[in-house]
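Reading through the structure tokens given below for one structure.
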Amino acid sequence: MYLSRLEIHGFKSFADRMVVDFSPGVTVIVGPNGCGKSNIVDAVRWVIGEQRARILRSEKMDNIIFNGTSNRRSLGMSEVLLTIENTRGVLPTEYEEVTIGRRLFRSGESEYLLNGIQCRLKDITDLFMDTGMGAGAYSVIELKMIEDILSDSTQDRRHMFEEAA
Amino acid sequence: MYLSRLEIHGFKSFADRMVVDFSPGVTVIVGPNGCGKSNIVDAVRWVIGEQRARILRSEKMDNIIFNGTSNRRSLGMSEVLLTIENTRGVLPTEYEEVTIGRRLFRSGESEYLLNGIQCRLKDITDLFMDTGMGAGAYSVIELKMIEDILSDSTQDRRHMFEEAA
Amino acid sequence: ASKRFGTTFAAIQNNFSKLFVELFGEGATAEIVLEDPDDLLESPIEVLAKPSGKKPCILTQLSGGEKTLTAIALLFSIYLVKPSPFCILDEVDAPLDDANIDRFMNLIRSFSDSTQFVLVTHNKRTMEAADRMYGITMPEQGVSRLVGVSFDHDLQLIA
Amino acid sequence: ASKRFGTTFAAIQNNFSKLFVELFGEGATAEIVLEDPDDLLESPIEVLAKPSGKKPCILTQLSGGEKTLTAIALLFSIYLVKPSPFCILDEVDAPLDDANIDRFMNLIRSFSDSTQFVLVTHNKRTMEAADRMYGITMPEQGVSRLVGVSFDHDLQLIA
Ligand SMILES: Nc1ncnc2c1ncn2[C@@H]1O[C@H](COP(=O)(O)OP(=O)(O)OP(=O)(O)O)[C@@H](O)[C@H]1O
Ligand SMILES: Nc1ncnc2c1ncn2[C@@H]1O[C@H](COP(=O)(O)OP(=O)(O)OP(=O)(O)O)[C@@H](O)[C@H]1O
Ligand SMILES: [Mg+2]
Ligand SMILES: [Mg+2]
């Protein structure tokens, strides 16, 4: 099982639609400060179900929608699609390929998608149950979290161990 | 006014006496992970009067005394001396060169020195009053503090501005 | 539930000691202990680390680079028990010196059969050790764009 | 006391706008505002930053590198008002890309007549821009030693 494609449109600094094809193995993302690398990481956290705006470095969830530049108007919607190759059948579904999606409109309405069909958030979190992939799992790590993993508050550490049990 | 010499003996990983001569301008300190670079930074914080063990990455203040390796016994005392060229008379004393010192013994006793003569901590903090050099000033910065300077708690920021006023 | 936690904990403990030596070299030891072994479900978890030749110390005394390596060893010892299909690391290599970057990338390489890695980095040594590289730029200020994929390690791409 | 704070604040505000443009380039603007201008002595201080071509944003939306540069601009705008004789920076250049390292070191250079700088770094670009370099090693595990001073930028010293 691996991530095979990520499509971002209207999420943070990605005003235009961007498609990234991933392969297994080790991929690096590079670029100057402020160009949008961590925004890609946030897009993955968001599409797999992250509900806390603070984790996405935002005050309110609608801050993740592209809010314009000096030459462009802000957009009304943000959409991220993530395609997962389910080759080893880790995800509890008979599909070979699974695409999850999430949309947020300025109006505050949000949608979740599973292979193009609207579904509930619960359908997506159920899909990831016990695969180590959900929003609470430790698959997305930034430097600041390294401090937390070792931090004095052993509560954080216990949570990691419980996730694995 | 600039730092002209730093002598460290028995402070953290500096079991043997080390003397570093500084000049004005820009000096870099380099070396592998864990070799003792940040310990030098802590030594400067300590000798200029830092009282909080937490800022020196320690639980108790006596953790700053060299506590031994597999081949060496721990030491009983830690001493740091800092010589400052007072060329522009910024420090309120007639001496051209001022050496401040600090010692800590395993017994818990601590000494402060000014040009080789024992003094009180207050004598050292008085010396630095209004020069931008004391323990509370913003002259020693690490990456984690960068987060704090911009952090949500505007209390931190206010403190910086008040220090300057 | 507590029996399951017990076996998971023991497996992680074992992995952590092995991985710590892999990252810090011979002579280094580390362990994870339950502060209160009788209360499996509530006890806090302590980590003790001893880089080679040094006295064991609590985590706050480790250097920036040593802390990062210790956290990585802990993370991967959990992955060994419950592999995660993918792992995204955002500039976790920033505090590491060149020698530790190499050890870190060797560890990543040894896990890359079961886990897919996506690393955000500014470090050229990390870039060279990857299979693929994507560049992100902002030709129009404020709008991010994908630059291109370079398989042949043509580093000028990101100069 | 509040009058003194007022003048200091205005000077820092002015410096910050200038330094921010120096670090982020033309078209970038930033400002520091008092949330409650009538209460000089208690009002919290807000920082708003707008990198070139982007919409103004609150600090949490800035990237890692942008945050570091903003904090450095703030720190130096205070130094302009009350110069500190020395400044020790411990790996603050870690989140910066090469172009921003150069801008950062140019700023350091422009202050180095009035302030002495000691920088701890792993970044070769920062090393090259310094006047002097000291190396620290541990020939005996657990015991730090000074390696030597290199004035002529002989980088093999730290290889
Ligand atoms: N909703 C939004 N609309 C438009 N731009 C946004 C939005 N949210 C964040 N941004 C912009 O994204 C930029 C930050 O991008 P990001 O954090 O991904 O940078 P980065 O590539 O990780 O940089 P670094 O190397 O410094 O970590 C900021 O400059 C911010 O202005
Ligand atoms: N009291 C002490 N006695 C002996 N060694 C100590 C003492 N306190 C800390 N140390 C050792 O100092 C080391 C950390 O050094 P320091 O933080 O200066 O490293 P560094 O050069 O800054 O590394 P990095 O590049 O990773 O930041 C630790 O390995 C720790 O064991
Ligand atoms: Mg980033
Ligand atoms: Mg350090």
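Reminder, nothing fancy here: chain letters follow the sequence lines and each chain counts from 1. As a basis for the values below, the full set of heavy atoms in this structure was taken, side chains included, without hydrogen atoms, waters or symmetry mates. As the structure is a computational prediction, the values presented were derived from the model and not from experiment.
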Measure [X] against the heavy atoms of chain B and call it side chain, backbone, both or neither at under 4.5 Å.
{"X": "D/Asp113", "value": "backbone"}
{"X": "D/Leu59", "value": "side chain"}
{"X": "D/Ile32", "value": "side chain"}
{"X": "D/Leu89", "value": "both"}
{"X": "D/Leu40", "value": "backbone"}
{"X": "D/Ser114", "value": "backbone"}
{"X": "D/Thr8", "value": "side chain"}

| task | Could you note down all residue pairs passing salt bridge (Lys or Arg N to Asp or Glu O under 4.0 Å) where residues 5-31 of chain D supplies at least one of them, sequence neighbours left out? | result |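 Qualifying pairs: none.
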| message | Test side-chain contact (heavy atoms from CB on, under 4.5 Å) on D/Asp131 and D/Arg109; report intermediate values, then the result. | response | CA-CA 10 Å; D/Asp131 302 323; D/Arg109 180 62 61 206; 3.1 Å; yes
| message | Could you check whether atom CD of D/Glu42 has more than 12 heavy atoms from other residues, nucleotides or ligands sitting under 6.0 Å from it? | response |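 Not buried by this count: 12 neighbours or fewer within 6.0 Å.
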| query | More than 12 foreign heavy atoms under 6.0 Å from CD of B/Glu162: is that the case here? | reply |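 Above 12, so yes.
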| query | Angle class for the B/Trp46/B/Phe11 ring planes (parallel below 30°, perpendicular above 60°, tilted otherwise)? | reply |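 Tilted.
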Using a cut-off of under 4.5 Å on heavy-atom pairs, state which of [options] scores highest against chain B.
{"options": "D/Arg4, D/Arg145, D/Met138", "result": "D/Met138"}
{"options": "D/Thr121, D/Val81, D/Leu62", "result": "D/Thr121"}
{"options": "D/Gly64, D/Ser144, D/Ser112", "result": "D/Ser144"}

| query | Any chance the rings of B/Phe161 and D/Phe9 have centres within less than 6.0 Å? | reply |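 Yes, the ring of B/Phe161 comes within the 6.0 Å limit of the ring of D/Phe9, centre to centre.
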| Validation row, ring centre D/Phe111 to ring centre D/Tyr79 under 6.0 Å |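 When the ring centroids of D/Phe111 and D/Tyr79 are compared, they turn out to be at least 6.0 Å apart.
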| chain D interface, residue from B/Ile8, B/Asn33, B/Val26, B/Leu3 that has the most non-hydrogen pairs under 4.5 Å |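 When all of B/Ile8, B/Asn33, B/Val26, B/Leu3 are compared, B/Val26 has the most.
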| said: Walk me through whether B/Asn67 and B/Arg106 qualify under side-chain hydrogen bond (donor to acceptor under 3.5 Å, both in side chains). | reply: CA-CA 10 Å; B/Asn67 67 5; B/Arg106 284 268 173 219; over 6 Å; no
| Looking at side-chain heavy atoms only, is the closest gap between D/Asp93 and D/Leu119 below 4.5 Å? |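 They are not in side-chain contact.
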| said: I'd like to know whether B/Arg72 forms a salt bridge (charged side-chain N to carboxylate O under 4.0 Å, His left out) with B/Asp16, so could you lay out the CA-CA distance, the side-chain angles of the two residues, the decisive distance to 0.1 Å, and finally the verdict. | reply: CA-CA 11 Å; B/Arg72 289 206 189 201; B/Asp16 298 329; 2.7 Å; yes
Residue [X] versus chain D: region with a heavy atom under 4.5 Å:
{"X": "B/Thr69", "result": "side chain"}
{"X": "B/Met18", "result": "side chain"}
{"X": "B/Val19", "result": "backbone"}
{"X": "B/Ile84", "result": "neither"}

| message | Using only non-hydrogen atoms and a strict under-4.5 angstrom cutoff, which residues of residues 94-105 of chain D touch chain B? | response |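 Hits under 4.5 Å: D/Ala94, D/Pro95, D/Met105.
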| field | Inter-residue atom distance D/Leu69.CG - D/Phe24.CZ, 0.5 Å rounding | value |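 Those atoms lie 4.5 Å apart.
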| Under 3.5 Å, side chain of B/Lys37 to main-chain N/O of B/Gly31, donor-acceptor pair present? |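 Judged by distance alone, yes, a pair lies under 3.5 Å.
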| request: Run the salt-bridge test on B/Arg103 and B/Glu111 with the 4.0 Å N-O cut-off and return the result as yes or no. | output: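 Looking at B/Glu111 together with B/Arg103, the answer is yes, because their closest N to O distance falls below 4.0 Å.
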